[in-house]
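Residue numbers start at 1 and run along the sequence shown. Bear in mind that the values here come from a model prediction, so they are computed numbers and not experimental data.
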Amino acid sequence: MNRLDRKKQAQIIAALVEGNSIRATCRMTGAAKGTVLKLLADVGKVCSEYQDKNLRDLPCKRIECDEIWSFCYSKEKNVPDDKRGEFGYGDVWTFTAICADTKLVPSWWIGRRDSDNATMFMNDLADRMKNRVQLTTDGHRMYLEAVENAFGSEIDFSQLIKVYGTPMENETRYSPAQCMGTQKQIIQGNPDLKKTSTSYVERQNLTMRMSMRRFTRLTNAFSKKLENLGHAVALHFMYYNFCRIHQSLRITPAMAAGVADHVWDIEDIIELMK
């Protein structure tokens, strides 16, 4: 790490946040694989710490939440018997929240797709909000208990429930069933059903798959270690929130939310490691 000058560090980080794999980054920058992984770990830690500390007291009004699938080490069906059931091997889910107005991602959580992890995710999200918010999730039942435990009665909560048709026999396993329609359901409080939507957070899922190679399907760039997945996600959201100008806002999400006063560049992220 100490032998990397700032220019080389910026080149490596720029390659990673634009969706390149570890090995592709090595080929592009001439850095060794171990060097790239060490830098990813170091910058990922400080990005996680900085956002945990500064994404607080946020003035968000509408929040959308969802979860995105990935896997570590191997797909669930291929996990060795001695590793089966151990978290970090097989399916891994990343819960994300996005502010519908500022497009800021204030919270994320990496875990299993169950009620316990959904509750921890919602507790973290609730701690970051300054005011009462309108919250929309999909129709997964785990959110019912999680939202109540985290927000109590101080929430306007609705779910967007998608109704799917029966998949055709000849459809591949990566082809989703056809969405036949949606149902908007009030769960708690007084949410505005006209604003009940998960469009922004689902678009954020696409941004994650495009910006982090380890989330891209049908490649061998998947995460081999859970820790590296966590570092990559923290770096991604640091770059997304603070560095990347949103096309519709014309400023970064962090600026729109009032937690930054300028557009960050990669050198600013590197500065956090000092």
Side-chain angles (χ1 to χ4, degrees), residues 1 4-52 54-55 68 70 72 92 94 96-99 102-108 110 200-201 203-217 219-257 259-260 262-274:
M1 254 299 288
L4 282 179
D5 59 30
R6 180 165 296 199
K7 182 179 179 181
K8 181 66 72 173
Q9 290 177 341
Q11 288 176 345
I12 294 172
I13 294 172
L16 292 174
V17 298
E18 290 298 339
N20 291 285
S21 67
I22 297 295
R23 291 188 181 278
T25 299
C26 293
R27 292 192 296 269
M28 293 167 63
T29 63
K33 180 182 176 183
T35 302
V36 173
L37 288 173
K38 177 66 165 59
L39 178 59
L40 174 63
D42 289 342
V43 73
K45 288 176 184 176
V46 296
C47 287
S48 179
E49 292 170 357
Y50 184 87
Q51 291 177 97
D52 181 54
N54 289 276
L55 299 184
I68 181 172
S70 62
C72 280
V92 177
T94 303
T96 59
I98 191 170
C99 174
T102 66
K103 308 303 184 292
L104 182 80
V105 175
S107 178
W108 66 90
I110 298 174
Y200 291 127
V201 72
R203 179 59 179 82
Q204 173 59 221
N205 287 347
L206 175 61
T207 300
M208 291 176 67
R209 292 209 186 276
M210 297 292 288
S211 301
M212 286 181 282
R213 191 63 171 169
R214 62 190 66 232
F215 277 83
T216 305
R217 296 178 184 270
T219 73
N220 62 356
F222 57 88
S223 294
K224 313 307 184 293
K225 295 182 179 179
L226 185 65
E227 293 80 5
N228 290 339
L229 174 64
H231 298 321
V233 171
L235 174 60
H236 164 73
F237 284 127
M238 188 75 198
Y239 184 78
Y240 169 83
N241 282 332
F242 288 86
C243 300
R244 183 172 170 174
I245 296 177
H246 196 277
Q247 287 187 352
S248 63
L249 298 175
R250 301 299 180 185
I251 54 177
T252 66
M255 294 173 67
V259 295
H262 67 283
V263 178
W264 284 42
D265 54 31
I266 291 176
E267 284 73 15
D268 291 321
I269 296 178
I270 295 172
E271 195 70 23
L272 297 177
M273 292 191 290
K274 288 189 174 181

Which pair of non-hydrogen atoms, one from [X] and one from [Y], has the smallest distance, and what is that distance?
X    : Y    : result
P106 : A97  : CD-O, 3.2 Å
C26  : A31  : CB-O, 3.3 Å
C72  : L229 : SG-CD2, 4.0 Å
A257 : L104 : CB-CD2, 3.9 Å
S21  : A221 : CB-CB, 4.1 Å
C243 : V263 : O-CG1, 3.5 Å

Checklist entry - Which of parallel (below 30°), tilted (30 to 60°) and perpendicular (above 60°) describes Y240 and H236? => result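 Aromatic pair Y240/H236 classed parallel.
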Checklist entry - So Y50 and F242, would you call those rings parallel, tilted or perpendicular, with 30° and 60° as cut-offs? => result perpendicular
Any side-chain heavy atom of [X] within less than 4.5 Å of one from [Y]?
X    : Y    : result
Q204 : F237 : yes
T96  : M208 : yes
L4   : I12  : yes
W264 : T252 : no
M255 : R250 : no
L16  : T25  : yes
V43  : M238 : no

Item to check | side-chain contact (heavy atoms from CB on, under 4.5 Å) evaluation trace for Y239 with I13 | outcome: CA-CA 10 Å; Y239 184 78; I13 294 172; over 6 Å; no
Between atom [atom1] of [X] and atom [atom2] of [Y], what is the distance when rounded to the nearest 0.5 Å?
X    : Y    : atom1 : atom2 : answer
L226 : H231 : CG    : NE2   : 9.5 Å
K8   : Q11  : NZ    : CD    : 5.0 Å
R217 : R209 : CZ    : CZ    : 4.5 Å

Item to check | Worked check of side-chain contact (heavy atoms from CB on, under 4.5 Å) between N228 and R214 | outcome: CA-CA 10 Å; N228 290 339; R214 62 190 66 232; 3.8 Å; yes
Next on the checklist: Taking I22's backbone N and O only, do any of them form a donor-acceptor pair with K33's side chain (distance below 3.5 Å, no angle check)?
Outcome noted: no
Next on the checklist: Main chain of S223, side chain of K225: is a donor-acceptor contact present, judged purely on distance under 3.5 Å?
Outcome noted: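 No, because the side chain of K225 does not come within donor-acceptor range (under 3.5 Å) of the backbone of S223.
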Next on the checklist: I'd like to know whether CZ of R23 has more than 12 heavy-atom contacts from other residues, nucleotides or ligands below 6.0 angstrom.
Outcome noted: no
Item to check | Pair M273-L39, side-chain contact (heavy atoms from CB on, under 4.5 Å): steps then yes or no | outcome: CA-CA 10 Å; M273 292 191 290; L39 178 59; 3.8 Å; yes
Checklist entry - Are E18 and R244 close enough for a salt bridge, meaning some N to O gap below 4.0 Å? => result no
Item to check | Identified side-chain contact (heavy atoms from CB on, under 4.5 Å) partner of N20 from the options R27, M28, M212, R213 | outcome: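 So the option named by the test is M28.
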Item to check | Matching residue for V105 among I98, T207, L55 - test: side-chain contact (heavy atoms from CB on, under 4.5 Å) | outcome: I98
